[in-house]
> 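Can you read through this structure? Questions will come right after.
Keep in mind that what you see is a predicted model, and the values were worked out from it rather than measured. Side-chain atoms are counted along with the backbone in the values below, which use heavy atoms only and exclude waters and symmetry mates. Residue numbers start at 1 and run along the sequence shown.
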Amino acid sequence: MSTHAPQAAQAVTLPTTLDEAVAALAALPTAVPVAGGTDLMTAVNSGQLRPAALVGLGRISEIRGWQYQDGHALLGAGLTHARMGRPDFAALIPALAAAARAAGPPHIRNAGTLGGNIATAAPTGDALPVLAALEATLIIAGPGGARREIPVSHLLAGVELLRAGELIGYVRVPLLHAPQVFLKATGRTGPGRAVASVALVLDPARRGVRCAVGAIAPMPLRPLEAEHWVAQLIDWDNNRAIVPEALTAFGEYVAAACIPDPAPAEDGSVPQLPPAVLHLRRTVAALARRALGRALT
């Protein structure tokens, strides 16, 4: 760690359109884009990052709202957590609104943005498991007005990366018009960083359940086998009824899939998980069980 004060940025550009921002990044290859700055400024203040230039995204009005598009919501990457937490947005995508309200204290929610949460890709990002469960896609803006679309899961997993001069412009989310739940456990009371989080959404049209577990791995985890198994137990034609025992079994299935037992040792014995890991597994199981129970209520 350096004991020197972080150097100030040499240049600050404040574009008013997405294409202007992309052009600024192309003209300044060492520039760092900044929206809310909640993660960036932490890195700057700690001396971990010394950007030579900044491209501010706060004046780009086109990415600060949302619109309807072919059964989807097209969300601007500049949407703040505070804006997503409001009732009108909660009626649109309830789980994402719940995650936004849990993102931290008011000053963080007022500044932090959806695009920043994705680009930073911190494991504890509250929006990330929700976007994974919703199977959202990203619309990436590139040089010359180019646009390309990739699954959010591909970016978070490192399957596809942002190229030089590209920015996350929008997030396309399917509107399922069905129950959605986001729950998280923190190490202390009140808003804080998640120890574990679970996003769960129902997809009645496909008679499916989608679940994503956040904070316990570098990227959100999808327990696909558990999703498929529990979807077959739900009576979709009878108020989405399910036997109570299935809720408990689902929670354990999700937790075991995301935090598996250790591989057997060479002598055939099976090592035990450390107590802290067992506690984390129980936490994930409880969150998954409660999330499914609330979604089906």
> If two hydrophobic side chains count as joined below 4.5 Å and joins carry through other members, does Val130 share a cluster with Leu79?
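Linked, Val130 and Leu79 end up in one cluster.
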> What I want to find out is whether Arg210 reaches Asp203 closely enough, with some N-O distance under 4.0 Å, to be called a salt bridge.
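A salt bridge links Arg210 with Asp203.
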> Under 4.0 Å between a Lys/Arg side-chain N and an Asp/Glu carboxylate O for Arg109 and Asp126?
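A salt bridge is absent here (no side-chain N lies under 4.0 Å from a carboxylate O).
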> Is the shortest side-chain N to carboxylate O distance from Asp237 to Arg207 below 4.0 Å?
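Yes, this pair counts.
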> Would you say that Ile242 contacts Val230 through its side chain, given a criterion of any heavy-atom pair below 4.5 Å between the two side chains?
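Yes, their side chains come closer than 4.5 Å.
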> Nearest 0.5 Å, please: how far is NE2 in His72 from CG in Leu134?
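Separation between the atoms: 10.0 Å.
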> Is any side-chain heavy atom of Leu114 less than 4.5 Å from a side-chain heavy atom of Leu131?
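A side-chain contact under 4.5 Å exists here.
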> Around Glu149, counting heavy atoms of other residues, nucleotides and ligands shown, do more than 12 lie under 6.0 Å from its CD?
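Yes, because the 6.0 Å sphere around CD of Glu149 holds more than 12 heavy atoms from other groups.
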> With the 4.5 Å side-chain cut-off for hydrophobic clustering, are Val254 and Phe182 part of the same group?
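No, Val254 and Phe182 fall in different hydrophobic clusters.
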> Using distance alone, with no hydrogens and no angle criterion, decide if Glu252 and Thr248 have a side-chain donor and acceptor under 3.5 Å apart.
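No, no side-chain donor-acceptor pair sits under 3.5 Å.
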> Looking only at heavy atoms, what is the nearest atom pair of Ala141 and Arg147, with distance?
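For Ala141 and Arg147, the tightest heavy-atom pair comes out as CB-NH1, 3.5 Å.
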> Apply side chain to side chain contact (heavy atoms under 4.5 Å, CB included) to Trp236 and Arg206, showing your working.
CA-CA 10 Å; Trp236 296 95; Arg206 299 181 180 179; over 6 Å; no
> Is the backbone N or O of Leu18 less than 3.5 Å from a side-chain atom of Glu62, with the two atoms forming a donor-acceptor pair by type?
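Yes; judged by distance alone, with no hydrogens or angles, the pair exists.
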> For Arg240, is there any backbone N or O sitting under 3.5 Å from a side-chain donor or acceptor partner on Asp235?
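Absent.
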> So which atom in Ile60 and which in Ala21 form the shortest heavy-atom distance, rounded to 0.1 Å?
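Smallest interatomic distance, heavy atoms only, reads CD1-CB, 3.8 Å.
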> Answer yes or no: is there a side-chain heavy-atom contact under 4.5 Å between Leu175 and His177?
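SC-SC contact between Leu175 and His177 confirmed.
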> Drop me the distance from Arg163's CZ to Arg148's CZ, to the nearest 0.5 angstrom.
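These two atoms lie 3.5 Å from each other.
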> For Leu167, which of Val55, Val22, Ile63 qualifies under side chain to side chain contact (heavy atoms under 4.5 Å, CB included)?
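The side chain to side chain contact (heavy atoms under 4.5 Å, CB included) with Leu167 is passed solely by Val22 among Val55, Val22, Ile63.
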> Rounded to the nearest 0.5 Å, how far does CD1 of Ile93 lie from CE of Met84?
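Going from the CE atom of Met84 to the CD1 atom of Ile93 covers 9.0 Å.
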> If you take all heavy atoms of Pro262 and Pro271, which pair is closest and at what distance?
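The answer is CG-O, 3.4 Å.
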> Begin with the C-alpha distance, continue with both residues' side-chain angles, and end with the deciding distance and a verdict on side chain to side chain contact (heavy atoms under 4.5 Å, CB included) for Gln180 and Leu200.
CA-CA 6 Å; Gln180 305 174 6; Leu200 187 139; over 6 Å; no
> Can you tell me how far apart CD1 (Ile168) and CD1 (Ile150) are? Round to the nearest 0.5 Å.
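Separation between the atoms: 7.5 Å.
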> Using side chain to side chain contact (heavy atoms under 4.5 Å, CB included), reason through Trp66 and Val173 one step at a time and then give a plain yes or no.
CA-CA 11 Å; Trp66 71 83; Val173 177; over 6 Å; no
> Quiz question: by atom type and distance under 3.5 Å, do the side chains of Thr16 and Arg59 form a donor-acceptor pair?
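No - no donor-acceptor pair under 3.5 Å links their side chains.
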> Using modelled atom types and a 3.5 Å cut-off, is there a donor and acceptor pairing between side-chain atoms of His154 and backbone atoms of Val152?
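Between the backbone of Val152 and the side chain of His154 there is no qualifying donor-acceptor contact (under 3.5 Å).
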> For Thr113 versus Ala77, what's the shortest heavy-atom pair and its separation?
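Distance-wise, the nearest heavy atoms are CB-O, 3.6 Å.
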> Does a side-chain N-to-carboxylate-O contact under 4.0 Å join Arg172 and Glu135?
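Salt bridge: no.
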> I want to check something: taking the side chain as every heavy atom from C-beta on, are Pro179 and Leu296 in contact at a cut-off of under 4.5 Å?
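Pro179 does not reach Leu296 side chain to side chain.
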> Could you tell me the separation between the CD atom of Gln67 and the CG atom of Leu75, rounded to the nearest 0.5 Å?
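If I round to the nearest 0.5 Å, the distance is 9.5 Å.
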> I need the Leu161 CG to Glu166 CD distance, nearest 0.5 Å.
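Going from CG on Leu161 over to CD on Glu166, the span is 10.0 Å.
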> With clusters defined by side-chain heavy atoms of hydrophobic residues (ILVMFWY) lying less than 4.5 Å apart, directly or transitively, does Val181 cluster with Leu221?
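Yes.
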> Would you say that more than 12 heavy atoms from the other residues, nucleotides or ligands in this model lie under 6.0 Å from the CZ of Arg64, or not?
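No, not enclosed.
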> With a sphere of 6.0 Å drawn around CD of Glu225, does it hold more than 12 non-hydrogen atoms of other residues, nucleotides or ligands?
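No, not enclosed.
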> For the ring pair Phe250 and Trp229, is the centre-to-centre distance below 6.0 Å?
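So the answer is no for these two rings.
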> The test is side chain to side chain contact (heavy atoms under 4.5 Å, CB included); show your working for Leu202 and Leu176 and say whether it passes.
CA-CA 8 Å; Leu202 301 184; Leu176 301 178; over 6 Å; no
> Give the minimum heavy-atom separation between Ala194 and Thr186, together with the two atoms involved.
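Minimum heavy-atom contact is CA-CG2, 4.2 Å.
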> Quick check: do Asp88 and Arg83 have side-chain heavy atoms less than 4.5 Å from each other?
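Answer yes - side chains close enough.
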> Any side-chain donor-acceptor pair under 3.5 Å between Asp267 and Ser269?
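Indeed, the side chains of Asp267 and Ser269 share at least one donor-acceptor pair under 3.5 Å.
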> If hydrophobic clusters are built from ILVMFWY residues whose side chains come within less than 4.5 Å, do Ile118 and Leu96 share one?
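Yes.
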> Is any side-chain heavy atom of Ile259 closer than 4.5 Å to one of Val277?
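Yes, close enough: below the 4.5 Å cut-off.
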> Mind checking whether Tyr68 and Phe89 sit in one hydrophobic cluster, side chains of I, L, V, M, F, W, Y counted as touching below 4.5 Å?
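Looking at the clustering, Phe89 is in the same group as Tyr68.
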> With sequence neighbours excluded, what pairs up with Asp261 under the salt bridge (charged side-chain N to carboxylate O under 4.0 Å, His left out) test?
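Asp261 satisfies salt bridge (charged side-chain N to carboxylate O under 4.0 Å, His left out) with Arg281 only.
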> Kindly give the heavy-atom pair with the smallest separation between Ala196 and Leu280, and that separation in Å.
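Closest heavy-atom pair between Ala196 and Leu280: CB-CD1, 4.0 Å.
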> Got a sec: does the CG of Asn239 have more than 12 other heavy atoms crowding it under 6.0 Å?
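No, CG of Asn239 has 12 or fewer neighbouring heavy atoms, counting only those of other groups under 6.0 Å.
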> Can you tell if the side chain of Ser197 reaches within under 4.5 Å of the side chain of Leu183, non-hydrogen atoms only?
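Sidechains of Leu183 and Ser197: no contact.
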> Is any side-chain heavy atom of Pro223 closer than 4.5 Å to a side-chain heavy atom of Tyr253?
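No; the side chains remain at least 4.5 Å from each other.
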